[in-house]
Each structure stands twice: as structure tokens, then as C-alpha cells.
Amino acid sequence: MAALKIAPSLLAADFSCLEKQIVAVEAEVDWLHIDVMDGHFVPNISFGIPVIAGIRPITELHFDCHLMTTNPDAYLPDLAEAGADSVTMHIEAMPEPTDAAKLARENDLGFGLVCNPATPFAALRPFMELADVVLFMSVEPGFGGQSFMPEVLAKVEEAREWVEKRGLGADIQIDGGITLETARQAVSAGANVLVAGTTIFGADDPPTAAAELRRALQGK
Ligand code: DX5
Ligand code: ZN
């Protein structure tokens, strides 16, 4: 089974003190999940390339950039230059992602594919060989603080079986409404990368919340 990774979502951080927030959780987490939104693919705008470049010197954490944008391939060189380590793009925005995956590789970026709650795993299947990670949204993308959609777990199970049978080694990520309880369900279904916004950065003590999340998943 792939190694567990905890990925706090910066969207839930206090933007008035990003450095303090990132440094506080750094030792307890594996990736920093960075939600880029364009107000077009999703009905919200978050932050983009200058913010990623601004926080890059603060930490050596892996920057996992979740692109909720209409043209996710348009900014790959700029994202790489800003310090992104990997990008995930929505299959709904990029139904033929082969060239985008190639461009990501050319820019030394890890590459992953995301699907919305209503999109079946079948939409990702033809492209699984391209992906280091497949991300299942367990809320509608665009906003933090929503409730987990348990029906997504069936897709996580399907993807885990697909990856294991073929020895692909892709990480399986879940994003949206992750709490200690829904994280346990997601890991039991086969997820190994847990994105958590509200549960970590929304907590009174984010590093303790991240450590508790990891502890809750040990032995799962
Ligand atoms: C939603 C984002 C998520 C969000 C998760 O569009 O992709 O990463 O920050 O927030 P929580 O963990 O609060 O559901
Ligand atoms: Zn996200």
C-alpha cells in the first residue's frame, strides 16, 4: 500500500500570516495542497502564481497545486518557475490530458488528474499511466468547509483496485470534507493522500490537528 501523506489545504489558512501558518505545520505534514481557482472553472477565486512564488522560500514542503482553472495547461512553465512540485488538473477541464502531462514532465512537474464528484472513474481510466496521482473530489470544487460525499468512496475503491492490479504506483488522493472519521473511511477505501483544509488550518492548533489526523490513520 502506498505511503500515507497528509496534505493541508492552504485555502483554509489565515492569509494574513501564511509564513507562520506554514512553518507551524511543516513538521507534521507531507505536502502543502495549494488550491488555484480562476473564478471560471469554479465559482471562486483563490490565489495564483505570485503567491506560490512568495511562499516558496518559506519551506521545503512539496507544493501540490490543485488547478481548478479552465486552461490548466496554460501556466505550467510559470507554475514550475514559481516553485510548484506537482500539478493536478481536472479531467472536466482537460478531457484529453496527454499533451498537458507531457508539458508538465518537460517542466519537471509531477502530474495528476482530478475528477469531480459526478464524474465517473471511467473518465480517468484511459489516462492512468500518465498520472503520479489521481484525485477524487469528495465535495464540489470551489470552496472549503463543505461536507464529505460518501458516494465518492466507491470510485476510490475502483481506482485502488485498478492501480494495484496494474502495478501503477499512482497515489490516490481525496479532497473535501476530510475529518478524522471521513479520513478513516477514505483510507479504508484505498486513498493514501488526504487533503484537509478546515480540519488542519481551521483548527485552533493546526500542528496538533495534523498529528491527530495521522495518528487516527495509523494501522488503517
Ligand atoms: C475545494 C478545495 C479543497 C478545500 C478543502 O475546492 O479543492 O482543497 O480546501 O477544504 P476542506 O478540507 O475544508 O473541505
Ligand atoms: Zn483542493
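We count ligands from 1, going down the list as the structure has it; atoms in each ligand are counted the same way.
- Of all atoms in ligand 1, numbered sequentially from 1 with element shown, those under 4.0 Å from a heavy atom of V195 are 8 (O).
- Exactly one residue among E158, E164, E157 makes a side-chain hydrogen bond (donor to acceptor under 3.5 Å, both in side chains) with R160. That residue is E164.
- Taking every heavy atom of A196 and a limit of under 4.0 angstrom, the matching atoms of ligand 1 come to 12 (O).
- Interface of H33 with ligand 1, defined as ligand atoms under 4.0 Å from a residue heavy atom, comprises 8 (O).
- For the pair R166 and W162, the cation sits on the ring face: its NZ or CZ lies under 6.0 Å from the ring centre, inside 45° of the axis.
- Under a 4.0 Å criterion applied to the non-hydrogen atoms of L11, ligand 1 contributes the atoms 9 (O).
- Side-chain polar atoms of Q173 and T88 form no donor-acceptor pair below 3.5 angstrom.
- Shown here for F63 and G83, the closest heavy-atom pair between the two residues is CD2-O, 3.7 Å.
- Protein N/O/S atoms found under 2.8 Å from the Zn ion (ligand 2): H33 NE2, D35 OD1, H66 ND1, D175 OD2.
- Proximity to H66 (heavy-atom distance under 4.0 Å) selects the following atoms of ligand 1: 7 (O).
- Heavy-atom separations between G176 and ligand 1 include at least one value shorter than 4.0 Å.
- Within ligand 1, the atoms closer than 4.0 Å to a non-hydrogen atom of M137 are 7 (O), numbered from 1 in the order shown.
- Using a 4.0 Å heavy-atom cutoff, D35 is listed among the residues neighbouring ligand 1.
- With a heavy-atom cut-off of 4.0 Å, S9 touches ligand 1 through its side chain alone.
- Taking the six-membered ring for Trp and thresholds of 30 and 60 degrees, H33 and H66 have ring planes inclined between 30 and 60 degrees apart.
- When only modelled atom types and interatomic distance are considered, S46 and D35 share no side-chain donor-acceptor pair under 3.5 Å.
- Summary of contacts: the protein heavy atom closest to atom 1 (C) of ligand 1 is F143 O, 3.5 Å.
- Annotation: side chain of L32 is in contact with side chain of I34 (closest heavy-atom distance under 4.5 Å).
- Inter-residue side-chain proximity for V133 and V114 is flagged as unmet; no heavy-atom pair is nearer than 4.5 Å.
- A side-chain N or O of T70 and one of D38 form a donor-acceptor pair less than 3.5 Å apart.
- With respect to R184 and E181, a salt bridge is recorded, a charged nitrogen being found less than 4.0 Å from a carboxylate O.
- The heavy atom nearest to atom 8 (O) of ligand 1, considering only V42, I174, D175, is found in D175.
- F111 does not carry R105 over the face of its six-membered ring by the limits of under 6.0 Å from the centre and within 45° of the normal.
- Ligand 1 has an N or O atom lying under 3.5 Å from an N or O atom of G145, backbone or side chain.
- Below 4.0 Å from some heavy atom of G142 lie the following atoms of ligand 1, by number and element: 1 (C), 6 (O).
- For V36 against T69, the heavy-atom pair with the smallest separation is O-CG2, 3.9 Å.
- For E140, no nitrogen or oxygen atom sits less than 3.5 Å from a nitrogen or oxygen atom of ligand 1, counting backbone and side chain alike.
- The shortest N/O to N/O separation between G197 and ligand 1 falls below 3.5 Å.
- With a 4.0 Å cut-off on non-hydrogen atoms, T198 touches ligand 1 through its backbone as well as its side chain.
- In terms of N/O distances under 3.5 Å, ligand 1 is approached by G177.
- Using a 4.5 Å heavy-atom cutoff, the side chains of V193 and I172 are not in contact.
- In terms of polar-atom proximity, G144 is not counted as a contact of ligand 1, lacking any N or O under 3.5 Å from an N or O of the ligand.
- For the pair K155 (side chain) and P117 (backbone), a donor-acceptor distance under 3.5 Å is present.
- Under a 3.5 Å cut-off, the side chain of N71 and the backbone N or O of D73 do not form any donor-acceptor pair.
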